[in-house]
Amino acid sequence: MKIILLLLILAPLCVSVTGRLKCPGVPYNGAVATCYHGCGTKLIYDLCIKTMQQGHIDLSPSHKEETTAYAILVLSAAVESTRTTSHTLTYQLQKNASISVQERAFYGACLNDYVAALNSLDHTLVVMLPNCFFQGINDDYLSALASLNSCRDRFIGPVMYTSPLYPLVLADRNKALLAYSLGKLLL
Ligand SMILES: *[C@@H]1O[C@H](CO)[C@@H](O)[C@H](O)[C@H]1NC(C)=O
């Protein structure tokens, strides 16, 4: 009975995700203005615009969406690419017999970082944002970023810098930073 009641309460919110979210107090803005206000560096701003375009968002100033919708879009992009990299790490660990002992230790440690990062990002994407629950999301974003930074910082020395995984980790880290930047606009 409790579950049915909960579903009834959540149902209107869930439906609104695919159509229009209506989180109390969250502003409506154009995509470019949102990227501009949210992003602190040109690198992240450019990534923001690119992600909006890939998400087929109309960039004209007259088209306005609730900031939550933009936050969800950039966060799903971060989750998707982080998940893909974690699969790549798993593949290398399980299927690639030619990785060195050093690489094995390194990929294993990074996989732990990735599992932690995905837990935080996924929770924010699936549970928090679609239901307009914003309390604590900042900590979730920051803990995901810390995990991805921890993996990135394992790349010490020329052997690791030349790893094909290095650019993937950097890209995931930037996407998570973008998600955090737009998530801050909800607080
Ligand atoms: C397996 O690991 C080696 C050493 O890191 C790498 O050069 C090679 O590209 C990897 N193979 C695959 C299929 O990813």
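For ligands, and for the atoms within them, numbers begin at 1 and follow the listed sequence. Excluded from the calculations below are hydrogen atoms, water molecules and symmetry mates; all remaining heavy atoms, backbone and side chain alike, are included. Residue indices begin at 1 and follow the sequence shown.
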Asker: In terms of side-chain heavy atoms, does Asp172 have a donor or acceptor partner in Tyr114 at a distance below 3.5 Å?
Answerer: yes
Asker: Among all protein heavy atoms in this structure, tell me which lies nearest to atom 11 (N) of ligand 1, with the distance rounded to 0.1 Å.
Answerer: Asn96 ND2, 2.9 Å
Asker: Just to confirm, does any protein heavy atom lie below 4.0 Å from atom 7 (O) of ligand 1?
Answerer: no
Asker: Tell me whether ligand 1 is touched by Lys95 - counting only heavy atoms on the residue side and a distance under 4.0 Å.
Answerer: no
Asker: How far is atom 14 (O) of ligand 1 from its nearest protein heavy atom, and which residue and atom is that?
Answerer: Gln92 NE2, 2.7 Å
Asker: For side-chain contact (heavy atoms from CB on, under 4.5 Å), just list the numbers for Thr82 and Thr85, CA-CA rounded to whole Å, side-chain angles, deciding distance to a tenth of an Å, and then say yes or no.
Answerer: CA-CA 5 Å; Thr82 302; Thr85 305; 5.9 Å; no
Asker: Is the ring pair Phe106/Phe155 parallel, tilted or perpendicular, if the boundaries are 30 and 60 degrees?
Answerer: perpendicular
Asker: List ligand 1 atoms under 4.0 Å from Glu103, heavy atoms only on the residue side.
Answerer: 4 (C), 5 (O)
Asker: Given the protein's heavy atoms, is any one of them under 4.0 Å from atom 2 (O) of ligand 1?
Answerer: yes
Asker: Under a 3.5 Å threshold, yes or no: a donor from one side chain and an acceptor from the other, between Gln102 and Ser100?
Answerer: no
Asker: Mind checking the NE2-OH spacing from His63 to Tyr28? Nearest 0.5 Å is all I need.
Answerer: 10.5 Å
